[in-house]
Amino acid sequence: MTRCARCRRPVLHPVHLAGMTLGARCAQIVVGHVARKHGKSEGAEQYVDPRQVDLFQGAAS
């Protein structure tokens, strides 16, 4: 079994980069490209329902 040169984990599908044998994830980290997951609210425009009233609009003080 081949091992990753960076994290020493066993690798089924090795990536050869700069003379090193790396796993796919470690190869992305070494190259500098790591896909980041965005949350549902990040990057998406927030929809505001015009029919919805403020929660505390009619509350007595």
Side-chain angles (χ1 to χ4, degrees):
M1 175 86 31
T2 306
R3 293 201 173 266
C4 177
R6 184 173 175 270
C7 66
R8 311 305 284 163
R9 291 183 183 168
V11 179
L12 289 177
H13 305 288
V15 176
H16 301 286
L17 183 66
M20 298 185 300
T21 303
L22 302 168
R25 187 77 175 161
C26 287
Q28 288 179 344
I29 292 169
V30 168
V31 170
H33 172 71
V34 177
R36 300 181 191 264
K37 294 182 179 178
H38 295 288
K40 290 181 180 178
S41 63
E42 251 183 54
E45 189 176 316
Q46 293 288 340
Y47 174 71
V48 178
D49 190 353
R51 298 170 292 176
Q52 186 173 359
V53 295
D54 186 29
L55 181 64
F56 300 104
Q57 182 179 12
S61 308

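Because the structure is predicted, anything quoted here is derived from the model rather than measured.
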Could you pull out the closest heavy-atom pair between [X] and [Y], with the gap in Å?
X	Y	result
G23	C4	N-SG, 3.5 Å
R3	V11	C-CG2, 4.2 Å
T21	P14	CG2-CB, 3.4 Å

Exercise. In Å and rounded to the nearest 0.5 Å, what is the CZ to SG distance from R9 to C26?
Worked result: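 Output value for this atom pair is 7.0 Å.
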Exercise. Are I29 and V15 in one and the same hydrophobic cluster, where Ile, Leu, Val, Met, Phe, Trp and Tyr link if side-chain heavy atoms are under 4.5 Å apart?
Worked result: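 Shared cluster, no.
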Problem set entry | Pair L22-V30, side-chain contact (heavy atoms from CB on, under 4.5 Å): steps then yes or no | CA-CA 9 Å; L22 302 168; V30 168; 4.1 Å; yes
